[in-house]
Structure formats: structure tokens, C-alpha cells
Amino acid sequence: MKEEKGSLLSRQFATFLTARSQLPAAAARRFCDLVLQLGIAMDGGHSCLPVTAAEEALLRSCRLVAEEAGTPLVLRGGRLYLQRYAAYESRLAEQILDLAAHRAPLDPPVEAVGMIPPLVDQRQQEAVELALARCLCLICGGPGTGKTTTVARILAFFAFSLAAGARIALAAPTGKAAGRLGEAIAGGLAALSLPPNLHALLPQSAQTLHRLLGVRPSSPYFRHHRQNPMPWDVVVVDEASMVDLAMMSKLVDALKPGARLILLGDKDQLASVESGAVLADLLTALPENRVELATAYRFDTTIRQLAEAINRADGEEVWRQLQDPRRVNVCLAGSMATILQGYEEFLRLAATASAADLGRLFTIFARYQILCASHHGRRGVETVNREIVRFLAGLGLSCRQEGWYPGRPVLVTRNAYHLELYNGDIGIFLPEAGVESGKVWFAAADGGFRGFFPALLPPCTTAYAITIHKSQGSEWDKVVVVLPGEDSPLLSRELLYTAVTRARVAVQLVAEKPLLCLALSRSTRRCSGLAGLLLAGRPAAATSVDADDSPARMRSEEKGQ
């Protein structure tokens, strides 16, 4: 076993179990290495570790390994699990199969059919019909394919068809994604001109999954779980590819009997930061509950073509498109100075702005974003942010590496539920007359803004450049994607696709062809047994997990998901 591999926690855990394994010396060394490999796999987002027949025989000889409950490790289907994650997987498979099989057809009244005409897009219409027929509906598709438009139509039918007092919830993994979902659904419902009494039954905003499940202050436990289910009759979750195994298990566990679950997502995006690839597993195993939207309506054609070439892993075609002079909005970036200059207009306005200018400031900031593959390194977030500040300061603008200055954009990196600030929220600092420092302002759900003194904020970082992982659930007019100049384990096809599809109008890449092609050659494949359990239809007995325990929340916050 190589001591330099794996986190300190993984190494300590492997050593701890090995000391209690009662295996002979040679077998104990092999066992320790397997447990360390499992820890490394978990750190990489896998929910389990595949093992060979010989390794399986060794594991079966250890008293700390079993097929079901009662041991720290579980061996099932040629995969080694931590007991807790085997339990999450089994419990989720069991409940998803029940949901998927449950038919609860709604027959909208005649007035609803007349008021809500069928959608022109056949697949969108199929998604509406599926959601009205089954308790589990999976709607996937790339940007601009009409996922939220389709859901708005579904919710309108629910308003007509569900019993009076039925409750509908909209949710997403992050505050930013929840805000976008709420806005999109509200716009889609407004276009339908529903009667006021029906419109009042529908949700006007979305919330994070953590808030939906009921965060307890200063506690790692959720308020809602299988003994105390959520009150919602319908739960809609956007950006479902970001939801990890533990969180999805907790969500489904907390659904009340008979509730409907609608999951929206893009199967080609990055998987969750934490363990598992739940949406991909569900889409693979449950075709009768799935509709894939294919036609993009609100997405630039050239960006869509670039994204399609990325998904095909066609490096030559991607490089050709980036070098095509006719594709002015999809290209390789020019000089670094040109990239850094993208925030000049924003900071010049911020230099003299007041709270009355916040709407314009946020609008300008939303036009441009630099996305990096990693935090560290020559082209990482930390370096690029330093270069931007240094460049803008050289233009005479009032900015600096440390402290607060007019227009400093910040990204929240840890949830602060008491402030209703969430991981991924972006704020802008402005000085305030008569106040020593000023406030950081964030967009509010009602269209206004909320200001906080910097000392009250949860951990934040400067946000001229952010990681591609942090960009999930967000969109900007123009995006500059900065890939590292050297190989990195983070590089993958999904990473590049996610970055490119954050752009509404234009995307530029800072990349060399060899590294770009290397990224395209790699696909993130998570090791998971969930799809197999669902396809078999016979999930293993679910080990008990504390009803309201949510380790996913604590780990997500510590890692800054």
C-alpha cells in the first residue's frame, strides 16, 4: 500500500479497520489496501468499489464484511461498500421501484384541456402525459429544450386536477439553481393566463433541497424523514444530476405516501460532487418513467453544435469549430489581457454606484463569467482571480487583492440557513454612506435585493473566476472556459460540456489542443450498484440508516459543494 495515496481520513479509517479485522498479516495488508481504495473511490464520487473474485474471497473471510447489516463494510454484487452507502442505495432502489410502478392517472377536466392547449413539441407533450399518469416522472434534456416550460404546463394541469388544498413544491440542490427554477416556472405559468384561484394554488418560488427537507439549526439532522414525511403532494426537483446518493435517498424517504416526484436534469452534465450518479442510474434503469427532450429552442445554434461535438468526443470537430472564423461567438480566446478586461465595464459602474443601481449592476455582471477547471494551479480560480484584480487595478480601478472595494463580487461557499444565503449565491459589495464598510448585496426571490455587512456573511471567495463545478445551475451571456495547461484528473468530457452550456450567447476557450482532446477522451463514470438493483427489481434488504441523519449535508458543506 502506498501511504501517499488517499486522504488522511481514508488512511486512518483503513488502518483502524485492519487492526480489528483479525486477519493474518499478509491478508491484513491486502484488506487494508482494499479499504483504502474504497476511501479513495468515495472521495472520487463513487458509491462503491468493484472487486475481483480473489478480492471478494478475501473480504468474505473478514468478520467486518457482510452482505447486509451488522458490519462496517458490505460486499454485494462484486462491489464493496461502506455500510451506510449500501443502505442508502438499497433503500433508494426499494422506494424508487415503488414510485416508478405506481400509476395514479389524473384526468384533467374539460375546461383545463380547453384552456391549456397541447404542446407543439411531441416529446414535451409526452412528458406532460407521463407526469399526469405516474408518480415518478424523469424529464431530461440539454439547455433550452423546454424542461421548465413543460413542467409549468404539468403544474397547470395539477392545479385543475388535484384535490383542493393539494401542495406543490419546487426545489433544486443550490440556492442559485432554485432561484432560476422559480423564475422560469413563474414565467411559464404567467404565459398560460390561468384563473387567479388556480394560480394561487401553484408555487411562486423554489427552495433548496436542504430547506425543503427542513434543516435544524446547529444540527446535522433534517426535520422531514420517513417517520415525519413532507406535506407536499408533488415535488419538482431541477438540476437532478447534482443530487448525490445520500441526498436523493433522504428526499425520497421523506415523500409522503402517494406523493409525486418529478426530476429534471441534463444527463450529459457533471455528476454530483458527493457519491453516486443517481439521475444517470434512474434514466438507464427506468425507461418507462423517462422522457428525453431533444429540440433546443432557447439555445444558440453554434453553442449547441459545439456541445454536441463535445458529447461525441470528436476532438477534431471541436477544434475545427473553435477555429472557424465564421463562428464569432464560439472560439478560442484571444490574449489573457482581453479575457481579464471582461469585467472593466462592471467595475467602472460599481465605482460610483449606490443601492439604487443594483439592478443594473447585477445585469451587467450576469453578462460575463470566467470558469476554471480547478481552484489551484497556473490557470486555477485563485491565480486567475489574482490576475484579474491586478489587471483592473492597473487600469486605475479601485480594487485590491484583500479587503472590500466597490463592486467586489463574491461567491458564498457554505450555506447560512439563518440568513437564507446558500452555497453558490453571488453577491456584490457596495460602500454605504455613513457606514464604515458597506454591504454585500444579493438578489432576493421577490426581485429586490438584500444587503449584509461583510462580517455577518458565511465563508465567501472573490467570484470573477469560479470553478466549473460551482457554475452548475447558473447561466451567463458570455462564458470564458479556462482549461489547465497540464493534465489534471478533473478534466473530462462532462466537465467541458457543463462549462460550455453555461453560456447563452457566446463561449470562448483558453485551451491547447492536446489537453482539450485529452479531456474529451475521458468520460466520468461513477461506480454504483443502483441501476443494477433497479433493473433486477429486487433491491437488497435496506440496512437501517438514522431516520433524519443527513451526512450528505455536512460533507457537502465541508467540501464547499
Side-chain angles (χ1 to χ4, degrees), residues 99 104 106 108 112 115-116 119 124 127-128 130-132 134-139 146-215 222-224 229-240 242-243 247-248 250-252 254-256 258-265 415 417 420-422 424-425 442-448 450 473-474:
L99 264 180
L106 291 178
M115 186 173 296
I116 309 172
L119 289 159
Q124 291 180 1
V128 172
L130 176 64
L132 295 179
R134 291 177 176 264
C135 282
L136 177 65
C137 177
L138 312 171
I139 304 175
K147 295 188 292 293
T148 50
T149 298
T150 303
V151 170
R153 193 67 55 99
I154 292 169
L155 298 185
F157 276 119
F158 282 156
F160 276 101
S161 306
L162 291 174
R167 303 183 67 182
I168 301 171
L170 303 176
T174 67
K176 187 72 172 178
R180 285 188 56 228
L181 173 64
E183 292 170 4
I185 294 295
L189 292 173
L192 293 175
S193 302
L194 296 175
N197 63 315
L198 292 178
H199 199 277
L201 298 176
L202 297 170
Q204 304 302 308
S205 62
Q207 55 191 310
T208 65
L209 286 174
H210 292 94
R211 183 163 290 279
L212 184 79
L213 286 166
V215 173
F222 288 131
R223 186 171 69 253
H224 294 295
M230 298 181 294
W232 314 107
D233 299 284
V234 180
V235 175
V236 179
V237 179
D238 196 15
E239 300 290 351
M242 298 171 65
V243 184
M247 176 59 78
M248 189 67 80
K250 293 297 178 183
L251 172 68
V252 177
L255 293 174
K256 74 177 187 179
R260 296 171 184 263
L261 178 63
I262 301 174
L263 300 179
L264 314 177
N415 294 330
Y417 300 100
E420 296 189 355
L421 293 177
Y422 305 104
D425 287 353
F442 295 85
D446 61 2
R450 299 184 303 141
S474 299

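Just so it is clear, the structure is predicted and the values come from calculations on it, not from any experiment.
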Fill in: Contact check, side chains of Arg450 and Leu421, non-hydrogen atoms, under 4.5 Å
yes
Fill in: Closest heavy-atom pair and its distance - Ala104, Cys135
CB-SG, 4.0 Å
Worksheet entry | Side chain proximity check, Val243 to Leu251, heavy atoms < 4.5 angstrom | no
Worksheet item: Can you tell me how far the CG atom of Leu189 sits from the OG1 atom of Thr149, to the nearest 0.5 Å?
Response: 10.0 Å
Worksheet item: Should Glu239 and Thr174 count as side-chain neighbours, where that means a heavy-atom distance under 4.5 Å?
Response: no
Worksheet item: What residues, two or more places apart in sequence or in another chain, satisfy side chain to side chain contact (heavy atoms under 4.5 Å, CB included) together with Pro231?
Response: Arg167, His224
Worksheet, complete the sentence: Scanning both residues in full, the closest heavy-atom pair of Ala206 with Ala171 reads CB-N, 4.3 Å
Response to the item:
Those residues at least two apart in sequence (or on a different chain) that pass side chain to side chain contact (heavy atoms under 4.5 Å, CB included) with Ile168 are Leu155, Phe158, Leu202, Pro203, Val234
Worksheet item: Is there a side-chain contact between Leu213 and Met247 (heavy atoms, below 4.5 Å)?
Response: yes
Fill in: Closest non-hydrogen atom pair between Met242 and Pro173, with its separation
CB-CG, 3.8 Å
Worksheet entry | Results of side chain to side chain contact (heavy atoms under 4.5 Å, CB included) for Ala259 - residues two or more places apart only | Leu255, Lys256
Discussion item. Please check this pair: side chain of Arg260 against backbone of Arg134, looking for a donor-acceptor N/O pair closer than 3.5 Å.
Written reply: yes
Worksheet item: Roughly how far apart are Tyr422 OH and Leu209 CG, rounded to 0.5 Å?
Response: 11.5 Å
Practice prompt. Determine whether Leu264 and Val237 make a side-chain contact, defined as any pair of heavy atoms from C-beta on separated by less than 4.5 Å.
Written response: no
Worksheet item: Heavy atoms, side chains only, cut-off 4.5 Å: are Val151 and Ile185 in contact?
Response: yes
Worksheet, complete the sentence: Residues at least two apart in sequence or cross-chain that pass salt bridge (charged side-chain N to carboxylate O under 4.0 Å, His left out) with Arg211, listed by chain then number, are none
Worksheet item: Can you name the nearest heavy-atom pair linking Leu212 to Ala169, along with the distance?
Response: CD1-CB, 3.6 Å
Discussion item. To the nearest 0.5 Å, what is the distance between CG on Leu136 and CG on Leu99?
Written reply: 5.5 Å
Discussion item. What verdict does the side chain to side chain contact (heavy atoms under 4.5 Å, CB included) test give for Val215 and Arg223, after you've listed the backbone C-alpha separation in whole Å, the side-chain angles of each residue and the deciding distance to 0.1 Å?
Written reply: CA-CA 6 Å; Val215 173; Arg223 186 171 69 253; over 6 Å; no
Fill in: Ile154 vs Ile139 side-chain heavy atoms within contact, under 4.5 Å
yes
Fill in: Closest approach of Ala159 to Leu198 (non-hydrogen atoms, all atoms of both residues)
O-CD2, 3.4 Å
Item to complete: Using side chain to side chain contact (heavy atoms under 4.5 Å, CB included) as the criterion, list what pairs up with Ser474, not counting sequence neighbours.
Response: Lys176, Trp476
Worksheet, complete the sentence: Closest heavy-atom pair, Ala152 versus Leu192, reported as atoms and distance to 0.1 Å, is O-CD1, 4.1 Å
Discussion item. Within the 4.5 Å heavy-atom criterion, are Met230 and Val235 side-chain neighbours or not?
Written reply: yes
